[in-house]
Amino acid sequence: MVRGEVLSAYRALLRATRKSFAGDTLMLNASAAEVRKKFNENRRVTSEPEIQRLLDEAREASHFISTMIVQAKLNDRGGYEVKTSKEHAGATLEIPSEEIIRKSA
């Protein structure tokens, strides 16, 4: 039963990252590697309360990635556009300035 929950949480995180970072190979690869790393780090955890805490964190992370992360794409006019989906409805989005985006690239 726990193994199934762990696999479900793992897959949900990967699905969330694939959807949020679609078209961004660098972020797709980095996020998948980070998810794998975190699950591998906790592979030997046997305490039921600790496993449940980790599963809760994984579910929360999946929800956060799905609802709070959007990607800005450079448009033909030299500005950035953000396309939200129904998962983002009701969320307060903080869009970084173009200057911040350029500095992080």
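The side chain to side chain donor-acceptor pair (under 3.5 Å) with N40 is formed by just one residue from the set R43, K37, R36; it is R43.
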*Does the side-chain contact (heavy atoms from CB on, under 4.5 Å) test come out yes or no for R15 and K19, once each step is laid out?*
CA-CA 6 Å; R15 271 193 305 276; K19 185 173 182 180; over 6 Å; no
*Check step by step if side-chain contact (heavy atoms from CB on, under 4.5 Å) holds for V6 and F39.*
CA-CA 9 Å; V6 171; F39 274 76; 3.9 Å; yes
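Electrostatic pairing of D56 and R53 does not count as a salt bridge here, judged by no charged N lying under 4.0 Å from a carboxylate O.
The distance from the OG atom of S8 to the CD atom of E5 is 8.0 Å, given to the nearest 0.5 Å. The CZ atom of R3 sits 12.5 Å away from atom CD1 of I51, with the distance rounded to the nearest 0.5 Å.
Residues satisfying the side-chain contact (heavy atoms from CB on, under 4.5 Å) criterion with N42, sequence neighbours excluded, are V45, L54. Partners of E48 according to the side-chain hydrogen bond (donor to acceptor under 3.5 Å, both in side chains) rule, which considers only residues two or more places apart in sequence or in another chain, are Q52.
Checking side-chain atoms of S20 against main-chain N and O of A16 turns up a donor-acceptor pair under 3.5 Å. Between the S31 side chain and the T17 main chain, no donor and acceptor come within less than 3.5 Å of each other. Between the side chain of S66 and the backbone N or O of H63, no donor-acceptor pair lies under 3.5 Å.
In this structure, L28 is a member of the same hydrophobic cluster as F64, with clusters built from ILVMFWY side-chain heavy atoms closer than 4.5 Å.
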